[in-house]
Amino acid sequence: AINYTKKKDFAKANFYAEKAVEIAENGKDPHRIINAYSALFDAQHKAGHIKEAYDNLYFVRHLEERIMSIEKTEIIAEMDA
């Protein structure tokens with residue numbers, strides 16, 4: 001998706017970014033999900049799909065905050081153990 005975004009082929013960029021999101025969500029790895037949604041945001045934003053891009057950016061930021069919170073909780077639990 002990133003390469004197509006750079007080439008300004010936004011239809012293909014969106015298509016492959018959406019596929020990346022689908023694959024990442026099936027894999028359940030939050031970091032891959034963040035990367036996939038970030039690529040989708042970038043493609044949508046540069047294509048002028050502002051609302052969809054904003055929705056994906058909001059989702060990514062929220063997911064990043066949740067992951068950071070979980071990781072901090074795990075570190076504190078390890079320190080207390």
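In this chain, numbering begins with 1 at the start of the sequence shown. If you're wondering where the values come from, they're calculated on a predicted model, not measured in any experiment.
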* Minimum-distance pair of heavy atoms, taken over all atoms of A1 and A13 -> CB-O, 3.4 Å
* **Minimal non-hydrogen separation, A39 against A17, with atom names** => C-CB, 4.1 Å
* D29 CG to N35 CG distance, which is reported to the nearest 0.5 Å -> 8.5 Å
* If you measure from CG on N56 to CG on L63, what distance do you get to the nearest 0.5 Å? -> 11.5 Å
* With side chain to side chain donor-acceptor pair (under 3.5 Å) as the test, would you mind laying out the steps for Y37 and E64 before giving the verdict? => CA-CA 11 Å; Y37 272 100; E64 287 174 331; over 6 Å; no
* To do: Please identify each residue that fulfils salt bridge (Lys or Arg N to Asp or Glu O under 4.0 Å) with K46, with sequence neighbours left out.
  => D42
* **L57 CG to Q44 CD distance, which is reported to the nearest 0.5 Å** => 10.5 Å
* Rounded distance (nearest 0.5 Å) linking atom CD1 of I2 with atom OG of S38 -> 9.0 Å
* Structure fact -> F41 and A53 have their tightest heavy-atom pair at CD1-O, 3.1 Å
* Go through the structure and list residues passing side-chain hydrogen bond (donor to acceptor under 3.5 Å, both in side chains) with D55, not counting sequence neighbours. => K51
* Structure fact -> By side-chain hydrogen bond (donor to acceptor under 3.5 Å, both in side chains), E52 pairs with (sequence neighbours left out) none
* What class does the angle between the rings of Y4 and Y16 fall in, given that below 30° is parallel, 30 to 60° is tilted and above 60° is perpendicular? -> parallel
* Asked: Is there a donor-acceptor pair under 3.5 Å between the side chain of S69 and the backbone N or O of E65?
  -> no
* F59 versus I33, closest heavy-atom pair with distance -> CE2-CG2, 4.1 Å
* Structure fact -> CZ of R66 to CD1 of I34, rounded to nearest 0.5 Å, is 9.0 Å
* Nearest 0.5 Å, what's the OG1-CG distance between T5 and N14? -> 7.0 Å
